[in-house]
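Report on one structure; see the data block that follows.
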Amino acid sequence: MITEQDRLHLQRCIELASEALQAGDAPFGSVLVAGNGEVLKEDRNRINSLEATYHPELALAQWAAANMSEEARRQAVVYTSGEHCAMCSAAHAWAGLGRIVYASSSEQLQRWQQEQGLGGDAPINSLSINEVAPHIEAQGPVEGLDEQVKSLHLRAWQQPQS
Ligand SMILES: Nc1nc2[nH]cnc2c(=O)[nH]1
């Protein structure tokens with residue numbers, strides 16, 4: 001079940017995704033929340049402004065592995081504007097983090113790309129979180145919020161590539 005609190009965290013992820021887009025990066029944002037509800041860390045995609053593997057979900061998993069106890073990681077939840085890619089699902093699982101809640105799914109992203117005649121050059125296959133990491137509790141997409149993510153991607157794809 002998606003609670004009002006879950007929606008608030010996802011809305012913040014979408015704000016971060018929008019900041020990424022404005023900075024010339026891909027529109028993805030994520031938030032790491034402790035078991036007690038405290039927001040521990042947030043980040044956004046920085047694949048153009050920093051380095052090519054800088055997905056927020058990977059950055060949060062690496063931060064959690066370095067800074068949190070095993071028990072705290074197990075209780076933590078990662079919210080994200082778009083479902084984790086295979087790289088980030090693997091990092092999340094290896095870090096022993098808990099639930100993932102995403103606003104839009106990888107399947108949706110792939111469909112939106114195809115509708116625009118894009119996506120054929122993706123470097124990795126589009127897999128769901130559970131295809132990569134079967135034991136992670138993953139929830140999404142969330143109706144209403146997925147449309148907000150779609151409009152960010154449409155804007156990103158309309159921008160001229162530098
Ligand atoms: N989930 C996710 N998928 C991506 N695909 C390209 N970049 C990203 C990212 O930062 N997050």
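Counting convention: from 1, in listed order, for ligands and their atoms alike. Positions are given from 1 along the sequence. Side chains included, hydrogens not; waters and symmetry mates left out as well; all remaining heavy atoms used.
Residue contact check: Asn45 has heavy atoms under 4.0 Å from atoms 7 (N), 8 (C), 9 (C), 10 (O) of ligand 1. Against a heavy-atom cut-off of under 4.0 Å, Pro56 is close to the following atoms of ligand 1: 10 (O).
Between Lys150 and Glu147 there is no salt bridge, since none of the side-chain N atoms of the basic residue sits less than 4.0 Å from a carboxylate O of the acidic one. Here Arg74 pairs with Glu71 in a salt bridge; the nearest charged N to carboxylate O distance falls below 4.0 Å.
Under the 4.0 angstrom criterion for non-hydrogen atoms, Cys88 is not in contact with ligand 1. At least one heavy atom of Cys85 sits less than 4.0 Å from an atom of ligand 1.
Scanning His84, Glu57, Arg46 for the heavy atom closest to atom 2 (C) of ligand 1 points to Glu57.
Defined by atom type and a distance below 3.5 Å, a donor-acceptor pair is missing between the side-chain atoms of Gln108 and Glu83.
Screening Asn45, Val31, Leu32 against Pro56 for a side chain to side chain contact (heavy atoms under 4.5 Å, CB included) leaves a single residue, Asn45.
Looking only at heavy atoms of the protein, atom 7 (N) of ligand 1 is closest to His55 NE2, 3.1 Å.
On a distance-only criterion, Tyr54 and ligand 1 share no N/O pair closer than 3.5 Å.
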Q: Begin with the C-alpha distance, continue with both residues' side-chain angles, and end with the deciding distance and a verdict on side-chain contact (heavy atoms from CB on, under 4.5 Å) for Leu40 and Met68.
A: CA-CA 10 Å; Leu40 296 175; Met68 296 169 72; 3.5 Å; yes

**Q.** Criterion side-chain contact (heavy atoms from CB on, under 4.5 Å) on Val39 and Arg12, from CA distance to verdict
**A.** CA-CA 11 Å; Val39 175; Arg12 176 62 187 146; over 6 Å; no

